[in-house]
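Side-chain atoms are counted along with the backbone in the values below, which use heavy atoms only and exclude waters and symmetry mates. By convention in this document, chain letters (A, B, ...) are assigned in the order of the sequence lines, proteins followed by strands, and residues within each chain are numbered from 1.
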There are 4 protein chains.
Amino acid sequence: MATKLWEKETTKTPVWLEEFTVGNDNILDLELAEFDVIGSIAHTAMLAETGFITKEEFASLKKELNLILKKIKAKDFVIENGVEDIHSQIELELTKKLGETGKKIHTARSRNDQVLLDIKLYSKHKIQETVLKTETLFNTLSNKHKQILMPGYTHFQAAMPSSFGLWFGSYAESLCDDMEMLYGAYNVVNRNPLGSGAGYGSSLPINRNYTTEALGFESMNYNVVYAQMTRGKSEKVVCMAIACIAATLSKLAMDVCLYNSQNFGFVTFPSHLTTGSSIMPHKKNPDVFELIRAKCNRLQALPNELTLLINNLPSGYHRDMQLTKDILFPAFKELHNCLFACVEMLKEIQITKNILQDKKYELLFSVEAVNKLVENGLPFREAYKLISEKIDANTFQFDGDINHTHEGSIGNLMNGEIKKRFEILAVKFKQNYRG
Amino acid sequence: MATKLWEKETTKTPVWLEEFTVGNDNILDLELAEFDVIGSIAHTAMLAETGFITKEEFASLKKELNLILKKIKAKDFVIENGVEDIHSQIELELTKKLGETGKKIHTARSRNDQVLLDIKLYSKHKIQETVLKTETLFNTLSNKHKQILMPGYTHFQAAMPSSFGLWFGSYAESLCDDMEMLYGAYNVVNRNPLGSGAGYGSSLPINRNYTTEALGFESMNYNVVYAQMTRGKSEKVVCMAIACIAATLSKLAMDVCLYNSQNFGFVTFPSHLTTGSSIMPHKKNPDVFELIRAKCNRLQALPNELTLLINNLPSGYHRDMQLTKDILFPAFKELHNCLFACVEMLKEIQITKNILQDKKYELLFSVEAVNKLVENGLPFREAYKLISEKIDANTFQFDGDINHTHEGSIGNLMNGEIKKRFEILAVKFKQNYRG
Amino acid sequence: MATKLWEKETTKTPVWLEEFTVGNDNILDLELAEFDVIGSIAHTAMLAETGFITKEEFASLKKELNLILKKIKAKDFVIENGVEDIHSQIELELTKKLGETGKKIHTARSRNDQVLLDIKLYSKHKIQETVLKTETLFNTLSNKHKQILMPGYTHFQAAMPSSFGLWFGSYAESLCDDMEMLYGAYNVVNRNPLGSGAGYGSSLPINRNYTTEALGFESMNYNVVYAQMTRGKSEKVVCMAIACIAATLSKLAMDVCLYNSQNFGFVTFPSHLTTGSSIMPHKKNPDVFELIRAKCNRLQALPNELTLLINNLPSGYHRDMQLTKDILFPAFKELHNCLFACVEMLKEIQITKNILQDKKYELLFSVEAVNKLVENGLPFREAYKLISEKIDANTFQFDGDINHTHEGSIGNLMNGEIKKRFEILAVKFKQNYRG
Amino acid sequence: MATKLWEKETTKTPVWLEEFTVGNDNILDLELAEFDVIGSIAHTAMLAETGFITKEEFASLKKELNLILKKIKAKDFVIENGVEDIHSQIELELTKKLGETGKKIHTARSRNDQVLLDIKLYSKHKIQETVLKTETLFNTLSNKHKQILMPGYTHFQAAMPSSFGLWFGSYAESLCDDMEMLYGAYNVVNRNPLGSGAGYGSSLPINRNYTTEALGFESMNYNVVYAQMTRGKSEKVVCMAIACIAATLSKLAMDVCLYNSQNFGFVTFPSHLTTGSSIMPHKKNPDVFELIRAKCNRLQALPNELTLLINNLPSGYHRDMQLTKDILFPAFKELHNCLFACVEMLKEIQITKNILQDKKYELLFSVEAVNKLVENGLPFREAYKLISEKIDANTFQFDGDINHTHEGSIGNLMNGEIKKRFEILAVKFKQNYRG
């Protein structure tokens, strides 16, 4: 039977109900432990500042909280069997040590604003980590095999010449746009909900500005009803941003799996990074990229899952919100694993050279031929018609050089500009990063 | 039979195929007409600058394009029966007037980068309009009945005192966070894809920087493969931001419908804004807010619909992308309608006074009573226990005043701060707004 | 201003509100016209049977309703400007002709159960049409190029020999499983909601059994609260079944687009069924299959859209339900178009022969070689190892025949069994089909 | 390092890759253990029947497999550290005991068809369990407080008289319709994929009919390519059916939470089934039903998640499919928990009597009054107008009895018919149920 802060007496809560309502919280809440302590230090500092506790009480609370923080960082902290959640475990430990003083930490605070705060601090931290891991992938992508040509496709049809530089670089730039949405989400979570209580504030004259500054937030969630309304909503926008990065990874993975097929043969991987078959002795399957694709496709389902969870609930807290942790926390972990796996695989990707010499790619050069005529003065539509006729008559040939020079083309990748954009974005997230 | 730019001869395309592939483009494309012309002016200016057409050719093209723009603004422009799309219609009109010169406008451009450009200019413009319409709602919300008290709920249970000021203000602040995600989307669409051709650039030495500046973009989509990859992706992130605003409206609408029920009775509307029943003579139904909720819930389905449309497609254009217009364009229209309807309804909302005097709300004040004991020195947990016992013994009463003073609470709404945040956000979108 | 059944006097409903609430109903409702009349005939027959109207009143109502039905079938019926919906239009016409008698048709009926009935009759009819159109595709698929070999893939890697017979047949069998879900949906819609009124029945002693039999339903939705609860729910399960068929088409379309690529080259289409490019003169793009894929992917988004629309609404009618028509009606149309387009394209698909002679498919036969050793008595694991070593040493060769004989394999497609299963399923839907 | 069936030598697979690819399989696969053994017994029986192994070999394999089955049922079976999956673990144990004979069990079988078979047997079994648990809820619902009146709502507005009998009964009937979709899914999973190998069958002359009968399937998945195509698809249709039941539970839970609010006060629960608040001493929150709603809303997200996972993948196995277990297995568990919790709560639900005597429900009876006039001969539209005028003049009163007699109304719930329908449906699932 879990110890509950709000329990009035020994009730006869049935075991099934206990299990049904507590869910995975004793595992999930460990992710929040660090942030819960940090929040409690700021909250008690504010209580001391505003006179709800004495300076001495604050000093002893702070000392104990820092000891707990150390235990957490050393992975020594557990939520004891029978304790409902992280908040109860910490209050329990404080009360054991400090008696009445320990009980005072819940003054002017509800579990609602406490967990809201924890999730915001957690989300901010995980977003910052995500930026760092994305930057590693970005750097891996933007330095790959720039000059080697490959076919470019439209409608799955061989279309025009492309290059590995263009292909890898496109995913690097895609990550820049993903950072824009992530920064939107960051600006949503970077607000302090502490002090909103159960969503209707407190009659105690607390100082929310104090905790906002102490915790390094951009501002507070001003309106206390809105602060509560961000539960579920902030997780959703974070998952939208996660879904954007996941979409980039998933698309890259699809390309890789396709180009690794015998029918393309553009990229291969060393055997130790591929997987065999239980019945076909010749197989070297690109399972890692298939799983990156699959995992990232599941990640893309999350914003909708959160919408289904919270949609059409009127304002005010509902217990439904408890389940958002179950969605958000594994999402960061899975995304980070995929980013890591992607980097590791790309480090060892092997590129095929001279792909375009295969006869099936000959018509890739038809636009080059058209443009050459255009440069010699023919209107585009006429040039197009002329080359069409040659193709139909099977007499088309192209043996000129490929010379694309404009911004963003084969010969002028603009990787420097793209990198600059990424770096300017990345630095915006770095305020107050806890390493 | 539609006239197609790429058609080589009179082919025997079956009618069903024509209808199946063209879809609604002749209607949807009208939304793009203005932006298509603006893009073509910038493109031809660049062609003149780089020497692909003469200054004189540019002058006459610009003149004709401006005439077409006038026709579009006067709603005089149509896509003629049998013309495939907006791009063909404009090229057709230019060629009728200017002969060979008209045909040159497609030099170094593909329909792919042309429609990408149109959609980005359109999206940017519609986002800017959305900000203005959201601002109107924001202003309507933040000035409503600030002092009047109402019950605050958690778990659908009467919980603590709240106020109409808090309630309306919470939705105003919600719109601030929505603007963060909208700004993320704005930063994604505010990039110039023109010059990326069919996704692999051009062998012609065009100047993409020129059109980027001429069209007022923040930067170009540098990498041409990435420029093409934004098709579908940019629509998706825009729909994510639309879904955020829609979620705020939907939640507000749910609250209103609930509070308008006889079982709450917090708000009512004049008869002419309600709807009757075909069998129940007493009904005054809040259909407008039900439909705001419903329409906004459909809007929240769009990011997932776009994900399903484009997911697991390898890089390079696929015809599937054509359908994104069918999703994005009605979305802006529906959202704008909902924002408008919401403002009109809120203008006439009628608020019930003295709600809290009903006996069923008596226990709302239990936390006030607890806190009063805390302020007199009792540890919170003790105070909580004392009041609990009174409630269980049915002897609880509270007749003190409600005096919430901290930031964001009943007595200190912080509407000024919230407004300042909204305004700072809104101004970021206003660069190059075309009115 | 629309004429509304429930309007008490000339109210000053604003125009925007009119437009916002009526939506597309005057177009969408035409799809329901036929079913509305059929329902009204059954309802008035019941009213006569139970004595609420006279036999003579019924006779004249039935005559007029049949005239309206004729007009509808001749596409002569319109919802007049200013009339709110199909139900009002029909009642209006009856009242013009029959005076007081016309007004009696709404006795013991609400618009709620009326539209519920219309949607169920409509859905049942459209499901029946869907079965017929799916059967046409089924028959097209199961007769295609049975003997010609092609590579079979796993992980996008060439894996084992397959055949066009297997490939096409797999999609035929997929449609069988889709029929199972469609039959589930059919059994949900094949229930009579008429008589449930606004969701709480009527104090009038009507005979719901009478209309249930007259309209050919399997049973009634017994409980009147549940009858109302099927609004939205029945549309959702129908869209789930539509999504199943759409998933089959989408997957087939993906295969076709891929196999039509130069990198596979397994299938091609005559030029008049492909599309060119505005800049690349050599392109023959498989746009029809790309759009089948795209449209079917959008169809797969619908169950979720409906879930978002109706989820977390408590029981009882909400105006939100009005929007389900906007989702369901175009879905049937789009699905039918895709089925048709798919059949037309498959009729002219061209198959490449001798694909497997290409050296890149040599290792496809490794399992054959393993199995040959197994047939000669080697344990499978040993045989696998032996062939592996040959492959690694580049000495693998296979020149035996392919002789797959078991059920469902290359040499024994079981198309007869699959067809039998489809036919048994199809016949279950045919009860009371109105042609 | 996991022992892999297909591994040729000691490779240097990195640890991260191992973890990234194996995922949760060693836990998830335990759910499949029983079905894997059952499948292996049928498969080896067939191998003996067709001569690939001897009768003696079969006898010893069967004996060992039955011993393993016993261990599984006694929860004594584990997947050892370093063993890749359930299939490898079982083969390992057989080989330890039986040497060469153990290795033969993989003859003419791939892990692909093996896991396909396991998932189908598992799904069939879990669907059967679901029917039983749903039946318990059905029975709980259809016997609740039949006669007691409550308000019926439309648009959240008090509309007409309803009753607890109608309300509970509506959810019972809802479960009937859900069984229709579940039966559709059952008919999809009740097909034997064994013998389809990796999706392209086998050159060995196996007898798929034999295993189909031995395992009690309705038929086989005939076409081997289609058999493989059901991976992901069958999980999706099962999740669609799960989502239908979940939607019913979620809606019921929403009603309960609302009706438990002080503003309705229709139902309450004993204290030991409610939850308190950490700051509000008066709270008794209906957390169980909030969590039923929330968990069932998450379940409703699963069909879309599966669609995102498998959509736009061409035919043939992809490693992405491995993740379907991670979605499907917890779904059954969560649904079963919710069904159980729902039953436990409903057993103790407390109903408020005499609700309709509250003045705010007076107008509920307006339709009764209208209908009374209709029964006395007035046309409906006239009666409606008359009562409307009384309501507007505040002179409406109704003191007649409520006498609803038609099928499915307050006075004639038709619970017997509904129960009959449920039972007829339930019995269809019971073939070959393993208890």
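- The closest side-chain donor-acceptor pair between K347(D) and T140(D), if any, does not fall under 3.5 angstrom.
- Using a 4.5 Å cut-off between heavy atoms, F289(A) does not touch chain D at all.
- Here R293(A) is the residue among E19(A), R293(A), H318(A) with the most heavy-atom pairs under 4.5 Å with chain D.
- Of the two parts of M321(A), neither the backbone nor the side chain holds a non-hydrogen atom closer than 4.5 Å to a non-hydrogen atom of chain D.
- Side chains of T307(D) and N304(D): a donor-acceptor N/O pair is absent below 3.5 angstrom, by distance only.
- With a 4.5 angstrom heavy-atom cutoff, I310(A) does not touch chain D via any of its atoms.
- Ranked by non-hydrogen atom pairs under 4.5 Å with chain D, the options N285(A), I292(A), N312(A) are led by I292(A).
- For L273(A), the parts lying near chain D are the backbone and the side chain together; criterion is any non-hydrogen pair under 4.5 Å.
- No side-chain donor from either of S88(D) and R111(D) sits under 3.5 Å from a side-chain acceptor of the other.
- For L306(D), no part lies near chain A; criterion is any non-hydrogen pair under 4.5 Å.
- Annotation for H87(A) and V115(A): closest pair NE2-CB, 3.9 Å, computed over non-hydrogen atoms.
- For a residue to count as touching a neighbouring chain, one of its non-hydrogen atoms must lie under 4.5 Å from one of that chain's; by this rule L309(A) touches chain D with backbone and side chain alike.
- Using a 4.5 Å cut-off between heavy atoms, N311(A) makes no contact with chain D at all.
- Between F264(D) and Y259(D), the two ring planes are tilted [angle within 30° to 60°].
- Of all non-hydrogen atoms in P330(D) and I327(D), the two that sit nearest each other are CD-O, 3.6 Å.
- Contacts between N337(A) and chain D at a heavy-atom distance below 4.5 Å involve backbone atoms as well as side-chain atoms.
- Residue contact with chain D, scored on non-hydrogen atoms closer than 4.5 Å, involves the backbone and the side chain of C338(A) alike.
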